[in-house]
Amino acid sequence: MLDQKFIRENPTSVEENLSLRGKVFKISHIHELTLKKKEIDIEISILQSESKKLSKLIGQIIGNSQNINSLELDDLKKKGNELRIKISELEEKQRLLDKKVDDEIYNLPNFPSKDAPIGKDENDNVLVKTWGDPLKIENPKSHWEIGEGLNLFDSIKSTTISKSRFITLIGDGARLERALINFMIDMHSKNGYLELMPPALVNSESLRGSGQLPKFSNESFKCSNDDLWLSPTAEVPITGFHRNEIIDPEQLPIKYVAYSPCFRREAGSYGRDTKGLIRLHQFNKVELYWFCDPTKSLEAHKKITSDAESILKKLNLPYRVVDICTGDLGFSSSRTFDLEVWLPNSNCYREISSCSNCLDFQARRSSIRTKIDKKNTYLHTLNGSGVAIGRTMAAILENGQQNDGSVKIPDALVPYFGSNFLKTT
RNA sequence: GGAGAGGUGGCUGAGUGGUUGAAAGCGGCUCCCUGCUAAGGAGUUACAGGAGGUAACUUUUGUCGAGGGUUCGAAUCCCUCCCUCUCCGCCA
């Protein structure tokens, strides 16, 4: 969420900044609303002060004098009653205004960073670096051919259980999934991250706090009987973990690693990636998250990205890093580096991690602050996949495929998985 | 799910309509005493927001689980919700 005071004072620069996202943002009406709101706030505060003094006076009169002049008292009470009515009328106005402002302001995305490349869509994203050599072989098999062939998962039966875009992992497939989760969490834990295993169901306030609501209610599954949603990413519960807190600056940065299942409706992506492990309604992810001093989030962003990269390096999976352009940035992010892993069958790099600096955008929505020079200040939040498990499995299957139909397991994973190859049994 | 009890400042805990943002104790901070430590003494100490000031600060509002209501005035009375605890039921 953007700062209301900033909107009040700099309406044109707000519009200019947001327009870098490639859409026109008109905020003049929000600007007016916030000004009006301010006026009413001040007015209410003055009347409340009067009313408070009056009540004290009445209390004093009743307490001190034996012979109460009831006429005078009634007069004061009447005056108080009038004040009360005036105040409650203004408060009603204030409530309406608040709601209007909130409706608008919660739908505004974060400002893109000045450092983010300016562009319209993903075609304008900027390559930062590549790591490893993309595997080039004759007729590489897709990971779903390999996976279904080795009986690692079954998509047809999963449709029977649920619907399309769900997967059931079987035998070594399930074991590989667990191995990947453990491997990643262990690595990040050694790197100073504290492990969390958060709830998979989150309430509306948590989704609002991290930016998924109100705008993207279509993209999450909702439980119809409760104010609970299936969490689309661990970013949501982790942000919620510190909602309404003022965190001691000595504790910063707080770094969490969390494994969680993630649930997404994937509305609007009909027909895309219908096969395999790339785009599922339910997938596993290990997430990295920082709560950090607002003056240090730029460095933190580099660090969280390289922490995510270290997983792909250890697994020896070729990848590249892409600087997301202003038009392609996520709602809450001011700057994002995507990690994209090489998939030989698709003959392209696919997103496997997204590392974002949200600055104080989520912190303001969630009211998470720290003390700077004794003043309460919103801190900065950063998140990054470290990394998506299903897509990692896809990458291992495609990059590790051998001529004999087996798949080589990356060395670093062998202690977790228990053998060097996936083979038909 | 049923029945009951409860939610007050950093903590413990008083407070059932009035000058109460809240007694007392613990803790914290400052000073005094003391060679040091312990003990003792004096004072001080909630939080959040707004406005003004470069600032020390001044001023104002809100806050006793949350939100409504009654009242000139609510921690205190009424309603709704949330949470915690105990017992019963159910359950991994």
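Predicted, not measured: the structure shown is a model, and the values here were computed from it. Throughout, a chain's letter reflects where its sequence line sits, starting with A, and its residues are numbered from 1.
Across every strand in view, A5(B) sits in a pair with U84(B) that passes the Watson-Crick or G-U test at under 3.5 angstrom. Base pairing analysis places U44(B) opposite G28(B); the two distances defining the Watson-Crick or G-U wobble pair are each below 3.5 Å. Base pairing analysis places U59(B) opposite G50(B); the two distances defining the Watson-Crick or G-U wobble pair are each below 3.5 Å. Checking U20(B) for Watson-Crick or G-U wobble geometry (two distances, each under 3.5 Å) identifies no partner in any strand. In this structure C77(B) sits in a base pair with G69(B), meeting the Watson-Crick or G-U test at under 3.5 Å. Using the Watson-Crick or G-U wobble rule with both distances under 3.5 Å, G89(B) pairs with nothing in any strand shown. Base pairing of U34(B) is not made with any nucleotide, judged by Watson-Crick or G-U wobble geometry with both donor-acceptor distances under 3.5 Å.
Distance K52(A) NZ to U20(B) P: 12 Å, rounded to the nearest Å. Taking atom CD1 on I46(A) and atom C1' on G52(B), their separation rounds to 14 Å, with Å as the unit. Atom CG of D74(A) and atom P of U71(B) are 15 Å apart (whole Å). The CD1-C1' distance, from I58(A) to U20(B), rounds to 17 Å in whole Å. Atom NZ in K53(A) sits about 16 Å away from atom C1' in G73(B), given to the nearest Å. Rounding to whole angstrom units, CD of residue E92(A) and C1' of G69(B) are separated by 14 Å. For L54(A) and G18(B), the CG to C1' distance is 13 Å, given to the nearest whole Å. A straight line from CD1 of I42(A) to P of G52(B) spans 8 Å, rounded to a whole angstrom.
For an aromatic pair to be called close, the ring centres must be under 6.0 Å apart, and Y289(A) with H242(A) fails this. Side-chain rings of F361(A) and Y378(A) stay apart, their centers remaining 6.0 Å or farther from each other. Ring to ring, F263(A) and F221(A) are not that close: their centroids are 6.0 angstrom or more apart.
The side chain of K5(A) has A51(B) as its nearest neighbour among G18(B), U71(B), A51(B). Of the listed nucleotides (A51(B), U71(B), G68(B)), G68(B) has the atom at the smallest distance from the side chain of R95(A). When distances run from any side-chain atom of S49(A) to the nucleotides A48(B), U60(B), G68(B), the shortest one goes to U60(B). Among the nucleotides A51(B), A48(B), G18(B), the one closest to any side-chain atom of R8(A) is A51(B).
Taking atom P in both G25(B) and G43(B), the straight-line distance is 12 Å, to the nearest Å. With C1' as the reference atom, G69(B) and C57(B) are 39 Å apart, rounded to whole Å. Nucleotides A22(B) and U12(B) have their C1' atoms positioned 16 Å apart, rounded to a whole Å. Comparing U61(B) with G65(B), their P atoms are spaced 22 Å from each other, to the whole Å. Only the P atoms considered, G62(B) is 14 Å distant from G68(B), to the nearest whole Å. On the P atoms, U8(B) is 15 Å away from A75(B), given to the nearest whole Å. Comparing C78(B) with U16(B), their P atoms sit 14 Å apart, to the nearest whole Å. Taking atom C1' in both A3(B) and A14(B), one finds a spacing of 29 Å when rounded to whole Å.
No contact: D41(A) has no heavy atom under 4.0 Å from any strand. Within 4.0 Å of K79(A), counting heavy atoms only, lies no atom of the nucleic acid at all. The residue G59(A) sits close to a base: some heavy atom pair falls under 4.0 Å. Across all strands shown, K371(A) has heavy atoms under 4.0 Å from sugar-phosphate atoms exclusively, and none from any base. Within the 4.0 angstrom heavy-atom criterion, no nucleotide atom of any strand lies near K78(A).
Checked by atom type and distance alone, the side chain of R264(A) pairs as donor or acceptor with a backbone atom of P232(A) at under 3.5 Å. Here the side chain of Q362(A) pairs a donor or acceptor atom with the backbone of S210(A) at under 3.5 angstrom. Looking only at distances, a side-chain donor or acceptor of R165(A) sits under 3.5 Å from a matching main-chain atom of D273(A). Counting only distance, with no hydrogens or angles, the side chain of S406(A) and the backbone of K423(A) share no donor-acceptor pair below 3.5 Å.
Residue order along RNA chain B, read from the 5' end via each residue's closest nucleotide, puts S45(A) first among K77(A) and S45(A). Mapping K56(A) and Q48(A) onto RNA chain B by nearest heavy atom places K56(A) at the nucleotide closer to the 5' end.
Within the 4.0 Å cut-off from OP1 or OP2 of U71(B), not a single side-chain nitrogen or oxygen of N81(A) is found. OP1 or OP2 of G49(B) has at least one side-chain nitrogen or oxygen of R369(A) nearer than 4.0 Å.
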Problem set entry | Evaluation steps, side chain to side chain contact (heavy atoms under 4.5 Å, CB included), between K255(A) and L288(A) | CA-CA 7 Å; K255(A) 298 155 68 178; L288(A) 303 175; over 6 Å; no

